[in-house]
> 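There's a structure below that I have some questions on.
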Amino acid sequence: MRNAEIADLFDLLASLSELDGAVVYKVIAYRKAAERFRSAPESIERMAAEGRLTELADIGGTIAAKVDELLASGTMAALEKLRAVYPDGLVAMMQVPGVGPKTAKRLYSELGVDSTEALKAACEAGHVRELKGLGEKKEAGILEALQAGGGPRKHVILLDHALERAESLVAMLRAEPGCVAAEIAGSLRRRKETIGDVDLVAASDDPAPLLQRFAEHPGVQDVTALGDAKASVVLHDGMQVDLRVIEPAQWGSLLQHFTGSKAHNVALRERARSQGLSLSEHGFAPIAGGDAVPCATEEEVYGQLGLQWIPPELRENQGELEAAANDALPVLVTLAELQGDVHAHSDASDGHATPREMAEAAIARGLSYLTITDHSKAVGMGIGLDADKTVANMKLVQKAAKPLRSKGFYLLTGIEVDIMPGGLLDLPDEVLAELDWVVASAHGRRGQDRDALTASMIAAAEHPSVDVIAHPTGRLLDGREPYDLDVEALIEACARTGTFLEVNANPKRLDLRPEHVRAAIAAGVKICISSDAHHPDGIDVLRYGVDCARRGWATADDIVNTRSWPDLQALRKPTRHFGPGPKMSP
DNA sequence: GCCGTTTTCGGCCCGACTGTTTTCAGTCG
């Protein structure tokens, strides 16, 4: 059973337990467990088989036993018992904004409502307002949420789109007279690959006008909440944005609090409690009672707890507190440290610019090398290169490269060769051996057998001419699921063969995902951050790849393209090592 | 249900907003 499936079942168990009125901490424990399983870098099934589940934080004997039961029988008695009492539709109802466990349960027990469809009908018939404690506004709000299709499925926003919107809103806030500071917070500041909503924070001695201006912004379609300290709006593109405003003396406390993650903050507060302090967005207060002492900077918040300042990308309660306590946080890689890009396309395949134009774009962004890695023929629709065209393109790139060498720039020959089912590559070995750089990747393998796919990827890693395996899981964040791939096994093969793994910086991919970046680094695998650009401006996405790598705890040393092209040679597998200097074309 | 330089039992993170209440519950983040 996959980690995500196990996690989903524990989330379901949590929701049903919540409906059933279980002790809240039990519900929290199930949710925490689900989160641990979802983000685990290795197979939960394997960990269970080896009896190592309780090594994970937040997993105790009881939950470990439930996982064992689940893997042995396909389900859990506790889950089936609850399912017999509460229809699955109640869980979907709880996803509707404004409906929590208490309301869902009453809707079911008092009105017989057992699905979002039935809930909609009950709202339309005016039955919901008849329940004590609910009223017309509540009923209208639920109906509106259901009609907006806003029900269970949460709107997913990609990193690039969210950053663009948020950066412009922050600029607007900063331009307001009463605004002392404004910043992006939440999962966007942590640079998660997908964003549910955007959190902004601001400091001002007079919050009301700032909140009012925010609510009146032309991009706002709907104001869903407007109080003395915060406002929530929905933009015309459906993006929800929350703004919280606080006095400047509390800025550090506020920014820290609203950057999250929730799990990170809970862990911080537990740490605060062990010092007799209560931590909130207002600062530190004695548990015994008394006023909160605010922090003006985030460094003060962490410093009070005996911790190094923790970069937002690491704030997921995945060991960063322990590292910060021991002064052992990694120095994360930065965009400025990238010296080259090793995955880009030209108009020889499905790109939209010549190799020369792509090189000029790389130079304009301060890079000193670029590999042109067009598709091989297997990608279909005639866009890929066969052996003859690959050789011809190589000559073309070499010709374009010559005048650039005097500027200190390496324009390099390469290919993105397809890994075929069975593990063979889509071009002859002697052609691959001629190229400066070989990216291997699989396309269109969704639905293929996990073992067969994994075996073919491992075979590619073992190929003497393959430098890097690109976007290995094939995931697309706008909806398409990743391939069913044993990433751990691929990481092991890359470590064994000296093959690099790619973080594809395209905001729709960001593949490897951060958990796997971290696991790969731990296994000794080096990483490439690559744009996969198909036009000159496409190189700009490198920033998102850096964000993703940072979430995977990557330092500059872990990333091969923080080296110059000559220095990078020392890291390549022996069969790709061209000697002391760069391989120079004849 | 988890966990232990306060505890193997008794704690467990904190506050804002809305709607429905005339003092608060439910929901959300």
Side-chain angles (χ1 to χ4, degrees), chain A residues 10 13-14 17-18 21-36 53-67 76 78 93-107 128-142 145 154 185-188 195-201 207 211 223-232 240-246 250 253-254 256-285 287-288 292 305-306 317 325:
Chain A
F10 272 89
L13 181 59
S17 302
E18 200 173 20
V23 186
V24 56
Y25 298 107
K26 186 194 272 196
V27 176
I28 291 171
Y30 288 147
R31 292 242 157 85
K32 278 183 171 178
E35 195 47 47
R36 287 294 169 197
L53 283 179
T54 54
E55 288 175 12
L56 292 171
D58 306 318
I59 307 301
T62 309
I63 287 181
K66 282 191 160 64
V67 174
M76 298 178 275
M93 282 162 57
M94 286 166 62
Q95 313 292 315
V96 178
V99 180
K102 301 283 201 310
T103 308
K105 190 174 179 181
R106 292 191 51 214
L107 286 165
V128 171
R129 73 181 72 175
E130 293 163 8
L131 293 188
K132 188 166 165 28
L134 302 182
E136 276 184 45
K137 282 187 114 171
K138 193 82 181 175
E139 183 180 82
I142 293 171
K154 218 178 174 191
S187 58
L188 187 54
I195 309 295
D197 60 15
V198 171
D199 291 296
L200 304 179
V201 295
L211 288 163
V223 180
T224 49
L226 181 57
D228 297 335
K230 68 173 277 195
S232 296
Q240 180 176 327
V241 185
D242 295 337
L243 171 64
R244 182 69 191 271
V245 185
I246 210 162
Q250 302 180 7
S253 296
L254 176 74
Q256 193 290 313
H257 176 85
F258 282 99
T259 298
S261 64
K262 189 174 174 128
H264 174 87
N265 283 357
V266 167
L268 272 190
R269 292 197 193 113
E270 284 169 358
R271 195 177 171 90
R273 284 196 77 82
S274 72
Q275 298 182 10
L277 295 170
S278 166
L279 172 61
S280 78
E281 63 263 49
H282 300 297
F284 290 99
I287 290 174
L305 297 171
N317 195 27

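Convention: sequence-line order gives letters A, B, ...; per-chain numbering from 1.
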> Within the structure, does a side-chain N or O atom of A:Lys262 lie under 4.0 Å from either OP1 or OP2 of B:dC14?
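For A:Lys262, the contact criterion (side-chain N or O under 4.0 Å from OP1 or OP2 of B:dC14) is not met.
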> Looking only at atom C1', what distance separates B:dT7 and B:dC2, rounded to whole Å?
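About 13 Å, rounded to a whole number of Å.
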> Can you list the residues that meet the side-chain hydrogen bond (donor to acceptor under 3.5 Å, both in side chains) rule with A:Ser232, with sequence neighbours excluded?
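Once residues adjacent in sequence are excluded, the partners of A:Ser232 under the side-chain hydrogen bond (donor to acceptor under 3.5 Å, both in side chains) criterion are A:Asp242.
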> Starting from C1' on B:dG15, measure out to CD1 on A:Ile246 and report it in whole angstrom.
10 Å
> Which atoms form the tightest heavy-atom contact between A:Ala22 and A:Val27, and what is the distance?
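Shortest heavy-atom contact: CB-CG2, 4.3 Å.
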> Show the nearest heavy-atom pair for residues A:Asp199 and A:Gly186, with the distance to one decimal.
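For A:Asp199 and A:Gly186, the tightest heavy-atom pair comes out as OD2-CA, 3.7 Å.
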> Are side-chain heavy atoms of A:Val245 and A:Lys230 found at a separation under 4.5 Å?
no
> Tell me: CG of A:Asp197 to P of B:dG29, nearest whole Å?
6 Å
> Who are the salt bridge (Lys or Arg N to Asp or Glu O under 4.0 Å) partners of A:Arg273, not counting sequence neighbours?
none
> Identify the pairs formed between an N or O of the protein and an N or O of nucleotides 21-27 of chain B at a distance under 3.5 Å, and give each distance.
unit_1, atom_1, unit_2, atom_2, d
B:dG26, O3', A:Thr103, OG1, 3.3
B:dT27, OP1, A:Gly100, N, 2.6
B:dT27, OP1, A:Gly100, O, 3.3
B:dT27, OP1, A:Thr103, N, 3.1
B:dT27, OP1, A:Thr103, OG1, 2.4
B:dT27, OP2, A:Lys102, N, 3.4
B:dT27, O5', A:Gly100, N, 3.4

> Taking the nucleotide of DNA chain B with the closest heavy atom to each, which residue, A:Lys26 or A:Glu270, is nearer the 5' end?
A:Lys26
> In this structure, how many angstroms lie between the P atom of B:dG29 and the CG atom of A:Leu200, rounded?
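Interatomic distance, CG of A:Leu200 to P of B:dG29: 15 Å.
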> Please identify which of these residues, A:Val223, A:Thr224, A:Asp228, meets the side-chain contact (heavy atoms from CB on, under 4.5 Å) condition with A:Leu226.
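When A:Val223, A:Thr224, A:Asp228 are each tested with A:Leu226, the side-chain contact (heavy atoms from CB on, under 4.5 Å) holds only for A:Val223.
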> For nucleotides B:dT5 and B:dG1, find the distance between their C1' atoms and express it as a whole number of Å.
24 Å
> For B:dG4, what is the paired nucleotide under Watson-Crick or G-U wobble rules, both distances under 3.5 Å?
B:dC9
> Need one value for A:Glu136: base, sugar-phosphate or nothing, where a base atom within 4.0 Å counts as base even if backbone is also close, heavy atoms only.
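Result for A:Glu136 = sugar-phosphate.
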> Taking N or O atoms only and anything under 3.5 Å, show me the protein contacts with nucleotides 2-8 of chain B, one pair per line.
unit_1, atom_1, unit_2, atom_2, d
B:dC2, OP1, A:Gly60, N, 2.7
B:dC2, OP1, A:Gly60, O, 3.2
B:dC2, OP1, A:Ile63, N, 3.2
B:dC2, OP2, A:Thr62, OG1, 3.2
B:dC3, OP1, A:Asp58, N, 2.8

> Expressed as a whole number of Å, how far does the C1' atom of B:dT21 sit from that of B:dG26?
12 Å
> Quick one: on DNA chain B, does A:Val266 or A:Glu139 contact a more 5' nucleotide (nearest heavy atom)?
A:Val266
> Looking at A:Ala272 and A:Leu279, what are the two nearest heavy atoms and their distance?
CB-CB, 4.0 Å
> Rounding to a whole Å, what distance do you find between A:Ile287:CD1 and B:dG11:C1'?
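Nearest whole value for this atom pair: 11 Å.
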> Touch check for A:Ser278, heavy atoms < 4.0 angstrom, all strands: base, sugar-phosphate only, or nothing?
sugar-phosphate
> Using the 3.5 Å cut-off, write out each protein N or O paired with an N or O of nucleotides 16-18 of chain B and the distance between them.
unit_1, atom_1, unit_2, atom_2, d
B:dA16, OP1, A:His282, NE2, 3.2
B:dC17, OP1, A:Asp228, N, 3.2
B:dC17, OP1, A:Ala229, N, 3.0
B:dC17, OP1, A:Lys230, N, 3.2
B:dT18, OP1, A:Leu226, N, 2.9

> With side-chain contact (heavy atoms from CB on, under 4.5 Å) as the test, pick out the partner of A:Lys66 among A:Leu53, A:Ile59, A:Leu13.
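The option that passes is A:Leu13.
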> Please report the shortest heavy-atom distance between A:Asn265 and A:Gln256, naming the atom on each side.
OD1-NE2, 3.1 Å
> With a 4.0 Å cutoff (strictly under), does any side-chain N or O of A:Tyr30 reach OP1 or OP2 of B:dG1?
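So the side chain of A:Tyr30 is within the cut-off, an N or O lying under 4.0 Å from OP1 or OP2 of B:dG1.
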> Whole angstrom is fine here: how far is it from CD1 in A:Ile195 over to P in B:dG29?
14 Å
> Using atom CG of A:Leu254 as one end and atom C1' of B:dC14 as the other, report the distance to the nearest whole Å.
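Value for this atom pair: 14 Å.
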> What heavy-atom pair brings A:His257 and A:Ser280 nearest, and what distance separates the two atoms?
ND1-C, 4.4 Å
> With sequence neighbours excluded, what pairs up with A:Glu35 under the side-chain hydrogen bond (donor to acceptor under 3.5 Å, both in side chains) test?
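None.
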> Please state the C1' separation for the pair B:dA16 and B:dG11 - nearest whole angstrom.
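One C1' to the other, the span is 26 Å.
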> Considering all heavy atoms of both residues, which atom of A:Arg36 and which atom of A:Asp58 are nearest to each other, and what is their separation?
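Result for this residue pair: NE-OD2, 3.0 Å.
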> Rounded off to whole Å, could you give me the CZ-to-P distance for the A:Phe284 and B:dG15 pair?
13 Å
> With rounding to the closest Å, how many angstrom separate the C1' atoms on B:dC24 and B:dT20?
9 Å
> Reckon A:Lys105 touches a base, only the sugar-phosphate, or nothing at all at heavy-atom distances under 4.0 Å?
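The residue A:Lys105 makes no contact with any strand.
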> Taking the side chain as every heavy atom from C-beta outward, state whether A:Val201 and A:Ile246 have any atom pair closer than 4.5 Å.
no
> Whole angstrom is fine here: how far is it from CG in A:Leu243 over to P in B:dG29?
16 Å
